Amino acid sequence: LKQQNKFEPIRKLGKGTFGEVWLVRQKASLNYLCAIKYVPGSRVEQVHTNREISIHLTCHGHQNVIRIHSHQMIRDDCLIVEEYANNGTLHSRICSGYLTIDLVQRYFKQLIAGLRYIHEKGIVHHDIKPRNLLLSVDNVLKIADFGCSSRFRVYGKLKLITQAVGTTKFWPPECFGRYAYHAQPVDIWSAGIVLYYMVAREVPWNAASEKCYNYNRWKLHQTFNKQVLCVKNNEEIQKTLGRVLETDPCQRATLADIENSEFHKCVYARY
Ligand code: ADP
């Protein structure tokens with residue numbers, strides 16, 4: 001980074017699967033802060049990184065998706081300059097204390113808005129989880145990390161995705177092979193687990209296989225009732241969760257269903 005002379009490294013923000021992420025100051029543009037993803041070169045990583053950049057560039061024009069400012073190769077290494085989200089990840093926010101119901105609603109609505117945009121661009125994110133949801137000033141949620149994403153619509157045609165990738169705790173049953181695989185419902189399921197996580201501060205289950213889903217659906221209701229009875233108006237959330245965590249992807253709520261749900265529309269007091 002120093003050799004580049006364009007950026008002044010400030011601190012390491014995190015470590016990803018393929019490389020590190022740094023907070024830097026861009027010297028030329030009024031000391032503008034941005035995040036740089038540094039991916040050291042090797043052939044496998046390069047192919048993966050080029051794909052990730054190309055997909056991310058297709059869908060970064062929305063306020064709920066992290067923007068890519070630029071990207072470049074330096075010898076075999078790749079630098080991706082991104083918008084800096086200065087309030088950390090949703091995961092760290094949840095770890096630091098319970099969220100108020102209106103904040104849960106606000107983050108969920110923004111996640112759904114970002115997903116709508118991504119899906120309209122023909123892309124399925126495939127790794128929606130609190131560690132990949134970044135927060136910037138004023139609690140604006142930004143979907144990040146397109147490393148597991150793929151295009152499900154190529155030249156107007158639907159392409160079936162057959163490979164299950166991402167994080168198993170956030171996987172829907174179809175990733176374990178029981179149901180026919182459809183692209184968008186995967187992200188919707190994961191968004192449901194994120195919603196549950198925001199309220200209960202834990203995932204409803206550690207899915208090891210598809211077999212545990214029936215038992216877990218029962219457990220979901222038990223733990224959810226126990227843990228969030230204290231949350232006012234949780235009926236709307238429960239209804240949304242019931243529809244979003246539907247095991248059959250064809251029966252699962254669509255983005256439009258979620259947008260028209262009571263939980264999406266009701267007005268909670270400002271936090
Ligand atoms: P992974 O590949 O493991 O999903 P990433 O490489 O996307 O992870 O990012 C690793 C960590 O760096 C994230 O968990 C987050 O804490 C931080 N990070 C990534 N991108 C940004 C950004 N644009 N702004 C602020 N922090 C970021």
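Counting starts at 1 for both ligands and their atoms, in listed order. Treat the numbers as computed from the prediction; the structure is a model and nothing was measured. Hydrogens, waters and symmetry mates are skipped; everything else that's a heavy atom, side chains included, is used.
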Colleague: Establish, for the pair R25 and F7, whether the NZ or CZ atom is under 6.0 angstrom from the six-membered ring centre and no further than 45 degrees off its axis.
Modeller: no
Colleague: Before accepting this row, confirm whether a basic side-chain N of the pair R116/E259 lies closer than 4.0 Å to the acidic partner's carboxylate O.
Modeller: yes
Colleague: Could you check whether the rings of F263 and F108 sit parallel, tilted or perpendicular, using 30° and 60° as the cut-offs?
Modeller: tilted
Colleague: Establish whether I94 and L241 are linked, either directly or via other cluster members, by ILVMFWY side-chain heavy-atom contacts under 4.5 Å.
Modeller: yes
Colleague: Only counting residues at least two apart or in another chain, list the ones meeting side-chain hydrogen bond (donor to acceptor under 3.5 Å, both in side chains) with E83.
Modeller: K142
Colleague: Thinking salt bridges, do E20 and K12 make one under a 4.0 Å N-O criterion?
Modeller: yes
Colleague: List by chain and number: which residues place a heavy atom under 4.0 Å from ligand 1?
Modeller: L13, G14, K15, G16, T17, V21, A35, K37, I66, E82, E83, Y84, A85, T89, R131, N132, L134, D145
